[in-house]
Amino acid sequence: MERSNHTVTEFILVGFTTDPTMQLVLFAVFLGVYSLTVVGNTSLMVLICKDSRLHTPMYFFIGNLSFLDLWYSTVYTPKILMTCISEDKSISFAGCVCQFFFSAGLAYSECYLLAAMAYDRYMAISKPLLYSQAMSVKLCASLVVSSYLGGFTNSSIITKRTFALNFCSGNVIDDFFCDLLPLVKLACGKKDGYQTVLYFLLASNVITPTVLILASYLFIIATILRIRSTQGRLKAFSTCSSHLISVTLYYGSILYIYSRPQSSYSLDRDKIVSTFYTVVFPVLNPMIYSLRNKDVKEALDKLIK
């Protein structure tokens with residue numbers, strides 16, 4: 001990748017704090033969270049593969065979400081752990097490019113995947129008798145592949161445009177990873193064209209999936225309201241409650257950071273929110289889709305026995 005500023009060979013990640021004691025505390029916390037992320041998402045994927053009762057479109061998407069979250073967390077956490085216990089806070093220019101590319105690609109892919117899962121829930125509730133035929137293996141696989149293809153295509157665009165900027169304000173990133181907003185703060189020169197690309201990608205990768213999810217849930221609500229019995233309504237709503245929780249948590253944090261005007265940016269506050277969707281959210285998803293799910297609990301009991 002051609003760079004406009006050849007003097008920047010590495011970046012310095014400030015992280016959360018410079019206090020050695022707090023760094024050790026944070027190391028223990030992040031190590032514990034990452035361990036739970038690996039165990040939780042891997043266990044959920046194994047359960048879905050092993051138990052034939054979970055070989056349905058819904059669990060196919062959940063398994064792919066677990067794989068994506070495991071990969072997503074791995075992009076960030078090992079480097080965070082190293083900066084907590086090492087005096088060397090640097091990351092090479094190439095390393096920063098790679099981290100930025102994969103973090104953006106996986107984040108965009110998850111947006112599309114959550115939209116595909118919303119469509120799956122709509123088909124399951126509105127057309128239960130035709131669900132298995134409508135959500136065929138080919139269609140489900142196509143939706144997952146399209147999610148990754150769309151995510152990483154857009155990631156290639158924003159990565160190329162970001163690292164073509166002139167980083168004339170130094171190489172110190174006031175964050176714990178190579179994120180978009182801290183990198184833009186280091187750049188100078190004309191950014192009008194870059195801002196246009198940024199808003200286009202935000203609209204195509206976040207706003208558009210959000211609209212699709214909202215449309216799916218409007219149809220779901222309309223279908224649930226036509227169900228006469230209260231028990232039937234509760235059963236129908238319970239099938240999409242876990243997905244609704246995931247969407248609210250993930251999109252809420254993403255939109256909070258990247259859809260605000262630049263004048264309201266606060267890197268200290270945004271670090272906390274970024275930590276949530278990069279480190280905490282991947283460990284929550286297995287809990288959301290397993291603790292609230294009878295089929296997963298039964299599959300886990302069967303595997304243990």
Side-chain angles (χ1 to χ4, degrees), residues 1-3 8-13 15 30-31 33-35 37-38 40-42 45 63-84 89-116 144-165 167 171 173 175-184 186-187 194 197-198 200-202 204-206 209 246 250-251 253-254 257-258 270-271 273-285:
M1 181 179 297
E2 185 178 350
R3 300 183 253 164
V8 177
T9 59
E10 65 177 14
F11 293 97
I12 307 299
L13 299 172
F30 282 118
L31 180 61
V33 171
Y34 183 61
S35 299
T37 300
V38 173
N41 285 288
T42 303
M45 287 188 290
N64 278 279
L65 183 64
S66 291
F67 172 75
L68 194 152
D69 282 337
L70 182 60
W71 188 8
Y72 194 39
S73 181
T74 303
V75 171
Y76 302 103
T77 311
K79 186 60 180 178
I80 295 173
L81 295 174
M82 288 180 62
T83 55
C84 285
K89 312 295 182 183
S90 64
I91 181 172
S92 66
F93 189 94
C96 190
V97 172
C98 289
Q99 189 183 64
F100 185 93
F101 170 76
F102 283 107
S103 62
L106 293 169
Y108 295 154
S109 298
E110 185 149 349
C111 290
Y112 290 123
L113 185 59
L114 289 172
V144 171
V145 171
S146 299
S147 298
Y148 280 103
L149 184 61
F152 280 95
T153 299
N154 288 304
S155 175
S156 300
I157 297 172
I158 192 62
T159 301
K160 182 177 180 180
R161 294 300 296 266
T162 299
F163 287 91
L165 294 172
F167 299 107
N171 66 337
I173 298 177
D175 211 330
F176 59 93
F177 68 105
C178 291
D179 198 10
L180 180 69
L181 301 180
L183 284 169
V184 172
L186 295 180
Y194 178 82
V197 173
L198 181 60
F200 169 77
L201 293 176
L202 177 66
S204 61
N205 294 289
V206 181
S246 293
Y250 187 73
Y251 276 89
S253 56
I254 291 287
I257 291 181
Y258 296 106
D270 289 350
K271 282 182 189 179
V273 182
S274 298
T275 305
F276 180 82
Y277 75 81
T278 57
V279 179
V280 178
F281 185 77
V283 77
L284 291 179
N285 262 339

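Residue numbers start at 1 and run along the sequence shown.
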Q: A side-chain contact here means heavy atoms from C-beta on lying under 4.5 Å apart; do N154 and Y112 qualify?
A: yes
Q: If I take atom CG from residue D179 and atom OG1 from residue T162, how far apart are they, to the nearest 0.5 angstrom?
A: 10.0 Å
Q: Donor-acceptor pair, distance only, cut-off 3.5 Å: does the side chain of K89 make one with the backbone of T83?
A: yes
Q: Please list, chain by chain and in numerical order, all residues satisfying side chain to side chain contact (heavy atoms under 4.5 Å, CB included) with C111, sequence neighbours excluded.
A: V206, P209, Y250, Y251
Q: Can you tell me which residue among V38, L65, N285 is in a side-chain contact (heavy atoms from CB on, under 4.5 Å) with L70?
A: V38
Q: Which of parallel (below 30°), tilted (30 to 60°) and perpendicular (above 60°) describes F163 and F11?
A: perpendicular
Q: Is the closest side-chain heavy-atom distance between F177 and L13 below 4.5 Å?
A: no
Q: Taking the six-membered ring for Trp, is the centroid-to-centroid distance between F101 and F152 below 6.0 Å?
A: yes
Q: I'd like to know if the side chain of S155 and the backbone of G151 have a donor-acceptor N/O pair within less than 3.5 Å.
A: no
Q: Just to verify, what does T153 make a side chain to side chain contact (heavy atoms under 4.5 Å, CB included) with, not counting sequence neighbours?
A: L149
Q: Report the distance from atom OG of S246 to atom CG of D69, rounding to the nearest 0.5 Å.
A: 8.5 Å
Q: Could you measure the distance from the CZ atom of R161 to the CG atom of L201? Nearest 0.5 Å is fine.
A: 9.5 Å
Q: Counting only N and O atoms by type, is there a donor-acceptor contact under 3.5 Å from the side chain of T159 to the main-chain atoms of S156?
A: no
Q: Counting N and O atoms only, with roles assigned by atom type, does the side chain of Q99 sit under 3.5 Å from a partner on the main chain of C178, one being a donor and the other an acceptor?
A: yes
Q: Heavy-atom distance under 4.5 Å between the side chains of I173 and C96, does that happen here?
A: yes
Q: Which of these, V283, V279, T74, sits in a side-chain contact (heavy atoms from CB on, under 4.5 Å) with Y34?
A: T74
